[in-house]
Amino acid sequence: MWWEKKPRGNEAQDAGHASAAAVPPAGLDKPSDLAARNGEMPTVNSDQTVVGRSTILSGELSGKGDLLIEGQFQGTVNLPENCVTVGSGGEVKAELHARHVIVHGAVTGNISAGEKIEIRKTGHVVGDLVSAAIAIEDGAFFKGSIDIVRDRPLQERAAVASRAVGSES
Amino acid sequence: MRPLTEPQDLRRSTGAKPPAGRPSPALDWIWKYLSDLPSPRILDCGPVWQATVDVLVRRRAKIHVTDLLTPLLFDEAQFWDRKGKVATFRQDYFLSQMLPMEPESLNAIFAWSLLDLVPRDVHAPLVEKWFSFLRPGGLLFCILREPRLEKGMDTLWWLESLTTLGSRGGEVRRFTYPVVTNREVENLAPEGSVKNFLTRSGRREVVVLRSDGSGR
């Protein structure tokens, strides 16, 4: 992972360690804590970057490796080969581009996924969805458009969606 | 979050066979009317249901969702200003919750029971806003209660198939506002046409067509 923009203030320390998620540094939640707190929340694996609950980050995030956001994130996430999970405590104001996106928390921004977008029952999403498959649990809140596209490259679909959103606003 | 149950869970919890859904004469008419459109653009003003999304995706529809129903049913206080002696409905705030859409960009709007859930003075601006989103010839689909139906305000619907409706709830809460009459619906869309479809469920299905300019 690399950060194109510097994180704000004293969050820099957390961000600097964000890629070494096997042993979360101070300020990041332990995987066991996350699992216990969130019940059905996904488990954290050694290849996963965790933005802890007490962390606030802004900027552009890209690279390889799965991402779990339990804190606040603002900007852009571009992980086309990986899974991005927004935990139940996560608050994201960002464009999310990934292979697979799972939302338990709050996302404001467009989401595109090459494989699948899942909005779980505690999820709250305001934005447009572009993916090959979408699963929305009952109880989830969603406001936006749904575009299921299978015959065009994801990047092209995302670009079309962004242009459409831009022209509507 | 709202205490809703997924259609699939509802079926499991009752232990019954999955319901086939209630045939909807209005939906039957709507899909014939839209049959020449390969990818109709549809705005759903109810909660997002996986079943509805699946049905519309199979129809190759472009789906927009702006849930106005469940906030009205389960978080209604946000829409009322109670500072004065008389509580007033925050009409502008309510209308601002609508997803911003391009003018004349939609083929259909599924309003479900929204007209039964808002005060009378909100009907005109709400329908006016919906009509601004509809293309000429576009349609508005509503489900309105009949006078004999006193309870069922909190009924929620989804598409089981293109022509059948699934529903849940609606056995407890009484309707707050008087029945919306056919004449009132016609007055809301003076330049459109209104089609009423009677059902045995205590509700009528109403399709309001925006004039396509051809005078038909």
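The model shown is predicted, which means the values in this text are computed figures rather than measured ones. Throughout, protein chains are lettered first and strands after them, A, B, ... in sequence-line order, and every chain is numbered starting at 1.
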State the CD1-OG1 distance between Ile136(A) and Thr52(B), to the nearest 0.5 angstrom.
10.0 Å
What's the shortest heavy-atom distance between Gln97(B) and Lys143(A), and which atoms?
O-NZ, 2.7 Å
Taking Asp147(A) first and then Lys62(B), would you say they form a salt bridge - that is, a charged N and a carboxylate O separated by under 4.0 Å?
yes
Within this structure, what is the CD1-CZ distance for the pair Ile148(A) and Arg58(B), rounded to the nearest 0.5 Å?
12.0 Å
Other residues, nucleotides and ligands only: do more than 12 of their heavy atoms fall within 6.0 Å of CZ on Arg60(B)?
no
Do you know which two heavy atoms are closest between Trp49(B) and Asp138(A), and how far apart they sit?
CZ3-OD1, 3.9 Å
Chain B contact via Ile134(A) - side chain, backbone, both or neither, heavy atoms under 4.5 Å:
backbone
Counting heavy-atom pairs under 4.5 Å with chain A, which one of Val48(B), Leu56(B), Val53(B) comes out on top?
Val48(B)
Rounded distance [0.5 Å steps], CG in Leu43(B) versus OG in Ser145(A)
10.5 Å
